[in-house]
Amino acid sequence: MREKETTLYIGPQHPGITGNMMVKLKVTGDTIISSSTHVGYLHRAFEKLIEQRNWLQSFTILCRFCVPEPDPMELTYARAVEELEGREVPERAKYIRVMVMELARLQSFMLWYAGQSGSAGLYTLGQWSVGDRNYVLDLFEMLTGGRVYHMYIWPGGVRRDLPEGFKEKTLKTMDYLEKRLDQYNQMLFDNTIFQKRAQGVGVIPKDKAIEWGVVGAPLRGCGIKSDVRIDEPYEVYDKLDFIVPTAEGGDIWARALVRKEEIRQSISIIRQVLDKMPEGEYYNRVPNPMKWTIPAGQVYTRTESVRGEIGFYVASDGSDKPRRVHVKGAAYTHGVTVLDKVLKGQNIADVSFILNSLGVCPPEIER
Amino acid sequence: MSFFDLKGLLQPLTGIRQFGKKPHTIKLPDLLLNTADRYRGLHHNDLEACIGCGNCSTICQNEAIDMINLENIEHKDGDSGLRPRVDNGRCCWCALCVDVCPTGSLNLTKDYIFTSEDANDFLWIPGVDNPEGNNNLSFTSDTNTSLSMYQRVPMRELDGKERVKSFAEVVLGYSEEEARREAQRCISCGLCTNVCPDHMHIPEYINAIAKGNDADALKIIYDNNPFPEMCGKVCTRRCEEVCAIEVRGEAVAIRWLKRYATETAPTAEKIKEIVNPVIKESNGFKVGIIGAGPAGLTASYYLALRGFDVTIYEAQAHAGGMTMYGIPKYRFPLDSIDKQVDYMKSIGVKIKYNTKVGKDISFEDLYKNNDAIFAGIGFQNAWTLGIENEDIPGSIPAVDYLNIINRGDSYDVGKKVVVIGGGNVAIDGARVSKRYGADVTILYRRRVEDMPADWEEIEGAEDEDIHIATQTIPTRIIKGDDGKVKAIEYLKANMVADDKGGRPRPVAIEGSETILECDTVIGAIGQEADYSWLPESFKDKIEVKRGMMIVVNEFNQTGDHKVFAGGDAVNKTADAISAIADGYAAVIGIENYLVKK
């Protein structure tokens, strides 16, 4: 009997989808012939919302671009505004910012563990890592007052200084997580099921990766060493000692290997930052936010997030509100253009597996 | 790798090790404990400390905060009487409201659990609905973390030693950059507008300055104040006393910002060009104004704009009233007065100098020949000290003394001067005498903090090495052999709390008589109006309360509906901005009376 072509919709409500979006598949049997990504289920017009708010107010929307990793958005915006205005950031604030960024990466990696293993049917690890992620969120709560949305990094520095006992608590948490990572890896990387599901699946060809606009761990998983923290160091990344891991193959397995090492690098960076952090001011005060204007100009700043490079184009016309803010997120390329290409020929069960490995965050696509 | 990869199959089973471990899960009721010290939970507002400025509501990008009236909180000076209400269904707990609260009254607490089936239950008035939240504050702001700018941009002044050598203006004014920086501090709450007698559009013109639109600022100011340069230099600025920033820091320098705006128009022509006033066609009504002081000039300016034929009758040779003859030139230079008066003349205001109503021209004539009269007569006559030898040479009331100096004549104060009083006029008398090289002492009945004078004036006097002897009550002036003042005798006083809850009273200490040698005694304990111009026949209609204050309605209209009055003779505060407000109110009154009747 000849197999009939069928249309399938995965999402917008589906546990395997990393947010509110839908992937429309054309399949014959279990094999995907073509796919297309549909978004618009949570359209909030972030960019337009930012343009209607003054320069400071918008920093509370930025974190909503990506729930699993809100902090890089705050930092990228803050850096763009600082560059436009020519505002200096105190040294201590730079260290605190890097620490926040790496803590954000860390908790985001923990979610990735859960997503990646869960979408392969390995649920135990997900329970562990989401549980352990709460220890990182505890740190955020102590530092910023919020667990998921921190609204902590703003133009001029950070909002509050480190609370008493924060350094000790962080170091203790790092020790704990490092120990746990070995157990995680036994559960995931040594697992035949994961190996067989991940190897050779969702391949991004090395020669196409840059052409397709792939960034972050998926790009490094193609053997291409690219990381904004090294290529164009911001804050104090140039003063820190860390490596950017790469892996060959371009498949889910390679991406997983990259992330496996990056987590350890993040922990190492957090320790270095806490060690080297100077005393001093944490905030170069901005004027009264109601009357704060930024000189006319335009700027593009980029930051490395867990999903890859994100960039903010910010234009000012000299008024108290941004004229235009455009967000270039990793999720847009990964979730729309790249996804269509790598899904071809894969199985239906691989859709959420691949989505998780690419790090797709739908609000960032819709922005 | 073969399908039967034994290691890969067995390795995940190591997870079984976790079986014996304690779970992460924390069970109720322990779950409710231990949110971080900075946790951003539900709001709490200290209702007493809150002044209802509404900054929290303005910054909130979720429109989760609105300002509402509460039953037991009343509107008063420096308090709008409104309090924030938070919609917890909209709030995202970003705590920007906390960081912009100028008083620090609004904070977040550690509480975060609230459930209800009714959406309306999520509308909370912080502090009313959770009064106990005060014990649980977490995310708070102090003056270091707050986004309000508590430090004022300092005003540049001539050095104390330098300025006593001449009558050069002491205050040097803000530079453009300084003015922009200072203007940025304003949070546009409008509490100042409320207490300004003239209800000037303060947030609007400060906003214009902050944006770099100085011309707009001046135009906004001229909307209801034709004397901005004077107010920018010598206003008593009640606005700054209620500034929201003042609660935890230094008030926005509203007066200096107004001054800055006026300095951008250096000539009368330039003012006219910027303000670009619309002058209505003549409506045929004639209005006579008595006195070219702030009240009279204000009334005439806005009447002239509205098409009235206005003539001012001024007893002195120069316009400006007490601001011309009472305020020393180092505070308010002659050029500033001339510039503003010239501008008024250019739009059609006529001024007849050296014409004293009641002497050079009778009030009856004025009454007959005009459709309406406005009297802005001011306080010319000084109160007497009521002590022995007050009328001998060397003893002079401050208003007379300042008048002599300001009209360009000289007065020999000798080497030692004693000034009696604690108001601005006393400080003026003292600082002027200092400029004549005298050694000056101010005698004041109460303490420095009780002095009604502007704090900046008191500081200015101290910078100029003027000695302020507080808690002193003068008893007599001692006459020398030449018949002139030789010394003054005073008693020291203790401050005694007032039983009725008023401010503490000074009570003389018996036997504490002290004699202070001096050449001149300047009394500055108050002034009153001269009503000799008002004929007896009018006094049954135009009521003069206790021989001092003319009784008027809200439009400054007296019992004789054709006669309006304003300025010191009408309001107790006796300052220029109240006079301007009176003038403006009378314009509306006169227009209603003549045109719209």
Side-chain angles (χ1 to χ4, degrees), chain A residues 49-50 52-54 56-61 63-64 122 124-125 127-128 130-132 134-135 138-147 149-151 154 159-161 163-164 183-196 199 283 285-293 318-320, chain B residues 1-18 23-25 34-41 55 58-62 92-96 98-100 102 108 138-139 141 144-149 180-181 183-188 206-207 209-212 245 252:
Chain A
L49 284 175
I50 292 175
Q52 288 166 25
R53 282 150 172 75
N54 70 35
L56 194 76
Q57 275 177 323
S58 47
F59 104 113
T60 57
I61 309 172
C63 47
R64 269 114 185 139
L122 309 167
T124 308
L125 179 56
Q127 309 288 340
W128 290 4
V130 170
D132 286 338
N134 272 306
Y135 291 118
D138 283 347
L139 293 177
F140 274 121
E141 184 188 322
M142 191 178 174
L143 178 66
T144 70
R147 292 181 73 82
Y149 291 140
H150 309 132
M151 297 174 271
W154 65 13
R159 211 166 165 184
R160 297 285 193 274
D161 204 352
E164 210 171 303
Q183 294 168 12
Y184 289 5
N185 293 338
Q186 276 182 349
M187 296 292 284
L188 191 68
F189 289 91
D190 294 348
N191 192 332
T192 304
I193 297 170
F194 182 70
Q195 288 168 4
K196 288 201 174 299
Q199 286 166 359
Y283 178 36
R285 179 168 295 272
V286 302
N288 174 8
M290 308 296 188
K291 291 199 166 52
W292 182 30
T293 56
S319 71
D320 59 348
Chain B
M1 194 194 320
S2 79
F3 188 77
F4 296 103
D5 170 14
L6 199 61
K7 188 191 168 208
L9 284 174
L10 293 178
Q11 193 74 302
L13 295 176
T14 55
I16 292 168
R17 282 187 306 201
Q18 301 290 324
H24 290 276
T25 322
N34 294 336
T35 42
D37 288 344
R38 258 177 215 178
Y39 190 75
R40 299 198 302 258
N55 213 23
T58 316
I59 194 88
C60 182
Q61 28 120 44
N62 294 342
C92 73
W93 288 279
C94 67
L96 268 183
V98 174
D99 278 347
V100 299
L108 298 188
S138 51
F139 199 91
S141 81
N144 286 323
T145 53
S146 173
L147 288 169
S148 299
M149 300 158 78
R180 301 266 181 274
R181 201 144 42 90
Q184 273 186 337
R185 297 174 62 220
C186 171
I187 60 168
S188 305
I206 291 185
N207 205 18
I209 295 173
K211 283 185 176 164
I245 306 292
V252 174

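The shown structure was predicted, so the numbers you read here are calculated from the model rather than taken from an experiment. A, B, ... follow the sequence lines: proteins, then strands. Residue 1 opens every chain. For the numbers below, each heavy atom of this structure counts, side chains included, while hydrogens, waters and symmetry mates do not.
In this structure, no portion of A:L49 lies under 4.5 Å from any heavy atom of chain B. Heavy atoms closer than 4.5 Å to chain A are found in both the backbone and the side chain of B:T145. Interface residue B:A183: only backbone heavy atoms are found under 4.5 Å from chain A. Looking at B:Y39, the atoms closer than 4.5 Å to chain A (heavy atoms on both sides) sit in the backbone and in the side chain alike. Heavy-atom distances place the backbone of B:C60, and not its side chain, under 4.5 Å from chain A. When heavy atoms are compared at a cutoff of 4.5 Å, B:S146 approaches chain A solely by way of its backbone atoms N, CA, C and O. With a 4.5 angstrom heavy-atom cutoff, A:F194 does not touch chain B via any of its atoms.
Put simply, of B:N207, B:V100, B:L108, the one with the most heavy-atom pairs under 4.5 Å next to chain A is B:N207. Chain A forms more heavy-atom pairs under 4.5 Å with one residue of B:G41, B:A95, B:S148, B:A210 than with any other, namely B:A95. When the candidates A:D161, A:T293, A:L122, A:N134 are compared by the number of heavy-atom contacts under 4.5 Å with chain B, A:D161 comes out ahead. Most heavy-atom pairs under 4.5 Å with chain B: of the set A:I193, A:D138, A:L143, this distinction falls to A:L143. With respect to chain B, the highest number of heavy-atom pairs below 4.5 Å among A:F59, A:Y149, A:W154 belongs to A:W154.
With B:Q184 contributing its side chain and A:W292 its backbone, the two residues share no donor-acceptor pair below 3.5 Å. Checking side-chain atoms of A:N288 against main-chain N and O of B:C186 turns up a donor-acceptor pair under 3.5 Å. Between the side chain of B:R181 and the main chain of A:P287, no donor-acceptor pair closer than 3.5 Å is present. Judged by distance alone, with hydrogens and angles left aside, the side-chain atoms of B:R40 form no donor-acceptor pair with the main-chain N or O of A:R147 at under 3.5 Å.
Between atom OG1 of residue B:T14 and atom CE of residue A:M187 there is a gap of 6.0 Å, rounded to the nearest 0.5 Å. One distance of note links OG1 of A:T60 with CH2 of B:W93; it measures 13.5 Å at 0.5 Å rounding. Between B:L10 atom CG and A:N191 atom CG the span is 10.5 Å, to the nearest 0.5 Å. To the nearest 0.5 Å, atom OG1 of residue B:T35 and atom CD of residue A:E141 are 6.0 Å apart. Expressed to the nearest 0.5 Å, how far CG of A:N54 lies from CD of B:Q61 amounts to 9.5 Å. One distance of note links CE of A:M142 with CG of B:D37; it measures 7.5 Å at 0.5 Å rounding.
In terms of heavy-atom proximity, A:M290 sits nearest to B:N55 at CE-OD1, 3.1 Å. Across all their heavy atoms, A:T144 and B:F139 have their closest contact at O-CE1, 3.9 Å. Residues A:R160 and B:R38 come closest through the heavy atom pair CB-NH1, 3.3 Å. For the residue pair A:M151 and B:C92, the shortest heavy atom distance occurs at CE-O, 3.8 Å.
A heavy-atom distance below 4.5 Å is found between the side chains of B:D99 and A:R159. Between A:Y283 and B:N144, the closest side-chain pair of non-hydrogen atoms is not below 4.5 Å.
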Evaluate side-chain contact (heavy atoms from CB on, under 4.5 Å) for A:L56 paired with B:L147, printing each intermediate quantity in order. CA-CA 10 Å; A:L56 194 76; B:L147 288 169; 3.3 Å; yes

